[in-house]
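Written out below as structure tokens is the structure these notes cover.
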Amino acid sequence: MKTTWKLCAMTIGSAFLLAIAGSAQPAFAQSSKQGSGQGAVTFAKDVAPIFKEHCVTCHRFGSIAPMSLMTYEEARPWARSIRAKVVDREMPPWHIDRNVGITKFKDDPSLTDSQVKTIAKWVDDGAPMGNPADLPAPRKFEDDQNWFIGKPDIIVKMDKPYLLPKAGPDNIVDVLIDPGFKEDMYVAAIESKPADPQSFKVVHHFTTNLVEDPEEDPVGLFLNEYALGKNGDIFPPNSGRLIKAGTKINFNLHLNPRGETTEVSVQLGLKLLPKGQVPKYVAFTQHMGDVAELDIPAGAISRHDGYFRLPQPALISSFQPHMHNRGKAQCMEVIYPDVRADSARPGPARVETLSCVSAYQFGWHITYPYADDVAPLLPAGTIVHITSWHDNTPANRYNPNPKNWVGGGARSIDEMSFAWVTLTYLDEADYQQRVRARASQAETTQPQH
Ligand code: HEC
């Protein structure tokens with residue numbers, strides 16, 4: 001259809017025309033004529049199913065993203081920007097390096113290489129609609145009030161909502177709650193989320209911390225995080241998280257003003273293990289790799305290294321880099337202890353890179369949960385090595401002032417460099433047994449030559 005072609009030419013602009021001029025035009029003309037014909041990439045047939053699965057949790061009316069991608073009419077004006085963000089792997093937000101270390105995760109929302117190609121081709125071909133009959137059924141969203149973990153035994157709410165101004169920069173707010181916990185308890189599942197629809201619109205993400213002693217440690221222990229599209233944490237059988245009597249809950253909210261003054265409320269749901277039941281495995285999340293004195297010169301990219309030694313065998317279940325505006329990249333590697341302590345020639349240490357976030361994006365606090373069969377299983381004495389890079393040059397668009405030296409600190413204009421690592425310590429026998437189970441699993445799944 002001629003009209004389709006004209007529309008594309010007008011809206012997509014010269015970069016697109018140049019690209020088309022250099023490519024096989026007859027194929028394009030034909031495919032757009034047929035709409036969903038053989039070989040043509042169309043919104044209805046190829047792209048909508050990808051958006052349905054990977055984008056619309058955030059890109060729908062009333063959610064956190066700036067525009068909806070639910071329909072063709074909504075998506076079409078964004079075609080060029082969609083192509084750029086998808087090809088650069090900025091969207092969906094999942095910034096772990098796909099070419100390094102462990103590549104299998106739970107709840108991985110990222111696109112496959114072929115999905116990226118499909119979207120790019122769709123845009124290059126003029127972003128046609130295709131045949132509406134090919135459209136997938138629109139995605140239905142669960143009532144945001146439902147708990148993914150099931151009905152919580154305890155719900156901790158804010159005493160009163162926080163009043164978010166209608167405009168201005170991102171707001172970062174701490175709210176400390178005393179839920180009046182009378183006794184120690186073990187938690188089997190945790191879920192944090194906004195408490196009402198208007199809060200869903202403005203809460204970009206928040207973290208929930210356990211504060212055992214506000215004088216001693218006002219920041220407390222990281223418990224859980226809410227980010228859009230994220231469900232709760234359900235611990236594996238026979239494991240749980242300890243919350244001590246008297247513990248307070250701190251919500252650290254990261255809010256985006258959305259044009260109207262908003263009352264913001266968030267909540268934490270806890271499912272408990274039966275009273276008196278002490279789980280064999282206690283999962284927890286902690287900082288690793290903190291560097292006491294950060295030294296980030298003006299106008300430069302700097303690197304810092306921090307270390308944590310595992311006192312016992314451990315199973316690491318997730319990795320989340322934590323840096324501020326100048327964060328550029330972070331890697332987690334492990335340095336194994338000598339296999340034989342009595343070795344006559346203690347050879348070079350065996351080192352393995354587990355994960356890198358090579359294109360860290362400030363503002364996206366993403367936890368990368370390893371799939372169970374590849375989650376790092378590490379012997380006692382392993383050293384976890386966290387390397388962080390900060391970009392204090394003008395090339396970093398989040399850099400408030402590349403002329404300043406920057407040190408460590410909690411304000412977002414200061415810097416940090418550590419990873420949140422979730423782990424479970426294992427006893428030696430349990431560790432050995434799991435290592436054997438992994439080895440026999442690898443034997444049965446690897447192709448035999
Ligand atoms: C977890 C939520 C989330 C998911 C999933 C997500 N986005 Fe986004 N997207 C956002 C937010 C929030 C922004 C605005 C802030 C930013 O750019 O980081 C955004 C920005 C964008 C932009 C830039 C808009 C502009 O102003 O130029 C494009 C294009 C985009 N997303 C496309 C997509 C596509 C395509 C997918 C799926 C393949 C996707 N996004 C998945 C949350 C999400």
Side-chain angles (χ1 to χ4, degrees), residues 11-13 15-16 41-44 46-96 98 105-124 127 136 138-139 141-142 144 148 169-172 192-194 199-207 225-231 253-259 320 323-325 327 357 359-369 396-398 412:
T11 51
I12 298 196
F16 168 74
V41 175
T42 69
F43 181 80
D46 309 289
V47 174
I50 303 176
F51 285 4
K52 176 178 174 181
E53 190 66 31
H54 296 270
C55 315
V56 300
T57 15
C58 304
H59 288 275
R60 66 183 151 120
F61 182 71
S63 190
I64 61 166
M67 75 288 194
S68 169
L69 299 177
M70 292 283 282
T71 67
Y72 179 71
E73 288 68 30
E74 287 167 338
R76 181 65 187 78
W78 295 94
R80 269 217 290 179
S81 172
I82 290 171
R83 188 191 195 287
K85 296 277 178 185
V86 162
V87 168
D88 288 349
R89 293 204 173 271
E90 278 184 47
M91 285 286 149
W94 182 260
H95 306 130
I96 198 119
R98 306 161 68 79
F105 296 90
K106 289 179 185 163
D107 312 322
D108 178 350
S110 64
L111 303 179
T112 62
D113 289 343
S114 98
Q115 287 172 320
V116 171
K117 276 199 196 115
T118 300
I119 292 174
K121 179 146 199 317
W122 171 64
V123 178
D124 293 343
R139 181 152 162 192
F141 287 94
E142 296 237 346
D144 289 328
F148 171 77
D170 292 8
N171 259 241
I172 298 177
S192 301
K193 63 179 183 176
S199 300
F200 264 101
K201 290 187 198 174
V202 294
V203 176
H204 185 274
H205 66 261
F206 71 93
T207 50
E225 182 183 45
Y226 162 82
L228 207 78
K230 212 186 122 168
N231 299 318
L253 313 176
H254 185 134
L255 309 170
N256 293 332
R258 289 285 293 260
Q320 177 186 345
M323 294 178 280
H324 291 164
N325 297 52
V357 168
Y360 181 80
Q361 303 274 322
F362 174 69
W364 285 106
H365 292 230
I366 303 171
T367 304
Y368 299 97
N396 174 1
R397 63 185 155 131
Y398 301 110
S412 66

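Treat the numbers as computed from the prediction; the structure is a model and nothing was measured. One-based numbering, in listed order, for ligands and for the atoms of each. Below, all heavy atoms of this structure are taken into account, side chains as well, without hydrogens, waters or symmetry copies.
Each of the atoms 5 (C), 37 (C), 41 (C) of ligand 1 lies under 4.0 Å from some heavy atom of H54. Atoms of ligand 1 found under 4.0 Å from any heavy atom of K85 (numbered from 1 in listed order, with element): 23 (C), 28 (C), 29 (C). Set against the non-hydrogen atoms of W78, the atoms of ligand 1 under 4.0 Å away are 24 (C), 25 (C), 26 (O), 27 (O). Atoms of ligand 1 found under 4.0 Å from any heavy atom of P66 (numbered from 1 in listed order, with element): 11 (C), 13 (C), 14 (C), 19 (C). Every atom of ligand 1 with a heavy atom of I82 under 4.0 Å away is listed here by number and element: 29 (C), 35 (C). Heavy-atom contacts of P93 reach the following atoms of ligand 1: 1 (C), 3 (C), 4 (C), 6 (C), 7 (N), 43 (C) (cutoff under 4.0 Å).
Ligand 1 does not have Q115 within reach: every non-hydrogen atom of the residue lies 4.0 Å or more from it. Contact analysis leaves P109 out of contact with ligand 1, as no non-hydrogen atom separation drops below 4.0 angstrom.
If you look at A84 next to ligand 1, there are no close heavy atoms at all, none under 4.0 Å. Residue contacts with ligand 1, taken as heavy atom pairs separated by less than 4.0 Å, involve V86 solely via side-chain atoms from C-beta onward. At a 4.0 Å heavy-atom cut-off, ligand 1 does not touch E90 at all.
Counting heavy atoms from C-beta on, the side chains of I119 and L111 come closer than 4.5 Å. You'll find the side chain of V86 stays beyond 4.5 Å of the side chain of V123, heavy atoms only. Annotation: side chain of Q361 is not in contact with side chain of I366 (no heavy-atom distance under 4.5 Å). Between H59 and M67, some side-chain heavy-atom pair lies under the 4.5 Å cut-off.
Ring planes of H205 and H254: tilted class, angle from 30 to 60°. Using bins of under 30°, 30° to 60° and over 60° for the plane-to-plane angle, the ring pair W122/Y72 lands in the perpendicular bin.
P109 and H54 get closest at one heavy-atom pair: O-ND1, 2.6 Å.
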Please report the C-alpha distance between Y398 and H324 in whole Å, then the side-chain angles of each, then the deciding distance to 0.1 Å, and finally whether the side chain to side chain contact (heavy atoms under 4.5 Å, CB included) criterion is met.
-> CA-CA 9 Å; Y398 301 110; H324 291 164; over 6 Å; no
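Among the atoms of C55, no N, O or S atom is found under 2.8 Å from atom 8 (Fe) of ligand 1.
A salt bridge links D113 to R89: at least one charged side-chain nitrogen sits closer than 4.0 Å to a carboxylate oxygen.
Between the NE2 atom of H59 and the SD atom of M91, the angle centred on atom 8 (Fe) of ligand 1 amounts to 170° when rounded to 10°.
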